[in-house]
2 protein chains.
Amino acid sequence: MSSSAQKHDVFQAIADPTRREVLRLLAEKERPISEITAHFPMSRTAIAKHLQVLSEAELVHGIKVGREKIYRLQPEPLTELKQWLSFYEKFWENKLSILKHIVESSEDQRLQVIKSEQTDKN
Amino acid sequence: MSSSAQKHDVFQAIADPTRREVLRLLAEKERPISEITAHFPMSRTAIAKHLQVLSEAELVHGIKVGREKIYRLQPEPLTELKQWLSFYEKFWENKLSILKHIVESSEDQRLQVIKSEQTDKN
DNA sequence: TTGACATGAAACCAAATGGTTTTATATAAT
DNA sequence: ATTATATAAAACCATTTGGTTTCATGTCAA
């Protein structure tokens with residue numbers, strides 16, 4: 001599963017369903033590893049490695065408290081995802097016709113593609 | 001690289017930087033495989049497989065035109081990502097107002113992009 | 001018709017991924 | 001002091017991933 005260095009970014013981190021579920025659990029509240037593990041049909045070690053990946057992406061942060069390591073959500077890196085997504089929103093939002101007249105009067109090739117998607121049926 | 005069936009979802013599809021760049025290229029305009037390949041330091045076969053993954057996630061769609069296969073962006077599955085993200089927004093929005101402003105200004109930029117597209121190519 | 005072009009398909013490969021088991025160590029509870 | 005708890009670290013493993021090379025096929029152009 002690796003672990004070394006800066007290898008994992010937020011896109012990779014959320015690609016795995018188990019890790020997304022871990023994030024959801026930590027969104028509710030901070031939890032120690034063993035408590036997180038209890039929600040999955042796999043070993044604590046496996047979950048610990050998932051937490052490492054999430055930690056490299058800085059989506060979670062764990063602190064030692066006594067013999068437990070308590071993880072909490074750190075959602076900030078998701079802003080990168082949001083910004084990435086925002087670029088693509090125009091490609092589906094216009095289908096709600098807000099930009100429809102702009103698209104139809106444009107000579108722009110890219111926007112013509114969008115326009116043809118609306119009428120076409122090839 | 002696999003290919004069989006419904007194996008790839010949108011989260012996995014966008015996890016790879018090459019595939020994100022492919023999406024960006026297709027956001028500009030539809031393109032045949034060879035044209036996409038020209039933007040990368042890898043073989044056409046590799047790009048073709050990336051396109052398969054994107055196709056399984058229904059983020060792109062390719063049609064045969066003559067001897068070319070022309071791919072175009074299909075952004076709809078990204079709404080799933082947006083929905084997933086929206087759940088986490090409340091965890092940072094009232095927490096870091098500076099980041100909030102950055103995100104908002106990037107939305108402004110998106111609108112400016114659309115606006116400039118109307119005149120850019122003419 | 002003969003190439004050149006664009007893609008498809010298959011076999012192959014190294015590295016990464018997602019898991020396991022085993023062993024060790026620190027802390028808590030009795 | 002002893003034992004149970006919580007985690008860490010390492011070795012191991014099968015499958016997937018991201019790439020390659022090679023060969024086959026369909027289409028356009030001269």
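Just so it is clear, the values below take in all heavy atoms, side chains as well, and ignore hydrogens, waters and symmetry mates. By convention in this document, chain letters (A, B, ...) are assigned in the order of the sequence lines, proteins followed by strands, and residues within each chain are numbered from 1.
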Original post:
salt bridge (Lys or Arg N to Asp or Glu O under 4.0 Å) between B/Asp9 and A/Arg20: does it pass, once the steps are laid out?
Top reply: CA-CA 13 Å; B/Asp9 64 5; A/Arg20 289 198 299 278; 3.7 Å; yes
**OP:** Report the C-alpha distance between B/Lys82 and A/Glu89 in whole Å, list the side-chain angles of each, state the deciding distance to 0.1 Å, and finish with yes or no for side chain to side chain contact (heavy atoms under 4.5 Å, CB included).
**Re:** CA-CA 9 Å; B/Lys82 186 183 170 69; A/Glu89 285 180 358; 2.7 Å; yes
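Atoms CD1 (A/Ile70) and P (D/dA6) sit 11 Å apart, rounded to a whole Å. What separates CG of B/Asp16 from P of D/dT17 is a distance of 11 Å, to the nearest Å. The distance from atom CD1 of A/Ile47 to atom P of C/dG18 is 12 Å, rounded to the nearest whole Å. For the pair B/Glu56 CD and D/dG18 P, the computed distance is 12 Å after rounding to whole Å. The interatomic distance linking B/Gln12 (CD) with C/dT17 (P) rounds to 12 Å, in whole Å. In this structure, A/Met42 atom CE and C/dT21 atom P are separated by 13 Å, rounded to whole Å. Distance, A/Glu21 CD to C/dG18 P: 16 Å, rounded to whole Å.
Each of B/Glu35 and A/Ala15 was assigned the nucleotide of DNA chain C with the nearest heavy atom; the assignment lying further toward the 5' end belongs to B/Glu35.
Across all non-hydrogen atoms, the minimal contact from A/Pro77 to A/Ala57 is CG-O, 3.4 Å. Heavy atoms only, all atoms of each residue included: A/Met42 and A/Thr37 are closest at O-CG2, 3.7 Å.
In the hydrophobic clustering of ILVMFWY residues, with side-chain heavy atoms under 4.5 Å counting as a link, A/Ile70 and A/Val53 come out apart.
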Between side-chain atoms of residues 23-31 of chain A and protein atoms elsewhere (two or more places apart, or another chain), which donor-acceptor pairs fall under 3.5 Å?
unit_1  : atom_1 : unit_2  : atom_2 : d
A/Arg24 : NE     : A/Glu21 : OE1    : 3.3
A/Arg24 : NE     : A/Glu21 : OE2    : 3.4
A/Arg24 : NH1    : A/Glu28 : OE2    : 3.2
A/Arg24 : NH2    : A/Glu21 : OE2    : 2.9
A/Glu28 : OE1    : A/Arg31 : NH2    : 2.7
A/Arg31 : NE     : A/Leu25 : O      : 3.0
A/Arg31 : NH1    : A/Glu35 : OE2    : 2.7
A/Arg31 : NH2    : A/Leu25 : O      : 3.4

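OP1 or OP2 of D/dT7 lies within a sub-4.0 Å distance of a side-chain N or O belonging to A/Ser34. Here B/His8 does not reach the OP1 or OP2 of D/dT16: none of its side-chain N or O atoms lies under 4.0 Å away. Considering only side-chain N and O atoms, B/His50 lies under 4.0 angstrom from the phosphate OP1 or OP2 of D/dG19.
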Contacts under 3.5 Å, N or O only, protein and nucleotides 8-10 of chain D:
unit_1 : atom_1 : unit_2  : atom_2 : d
D/dA8  : OP1    : A/Lys69 : NZ     : 3.3
D/dA8  : N7     : A/Arg44 : NH2    : 3.2

Within the sub-3.5 Å range, which N or O atoms of nucleotides 1-5 of chain D have a protein N or O partner, and how far apart are they?
unit_1 : atom_1 : unit_2  : atom_2 : d
D/dT5  : O4'    : A/Arg67 : NH1    : 3.2
D/dT5  : O2     : A/Arg67 : NH1    : 3.2

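A cation-pi geometry, defined here as NZ or CZ lying under 6.0 Å from the six-membered ring centre and within 45° of its normal, holds between B/Lys90 and B/Phe87.
Not a single donor-acceptor pair under 3.5 Å links the side chain of B/Arg19 to the backbone N or O of B/Ile14.
For B/Arg19, whose side chain is taken as the heavy atoms from C-beta onward, the closest listed nucleotide among D/dG18, C/dG19, D/dT20 is D/dG18.
For the atom pair CG of B/Leu85 and CD of B/Glu80, the computed distance is 11.5 Å after rounding to the nearest 0.5 Å.
Residue contacts for B/Ser43: at a heavy-atom cut-off of 4.0 Å it reaches a base atom on one of the strands shown.
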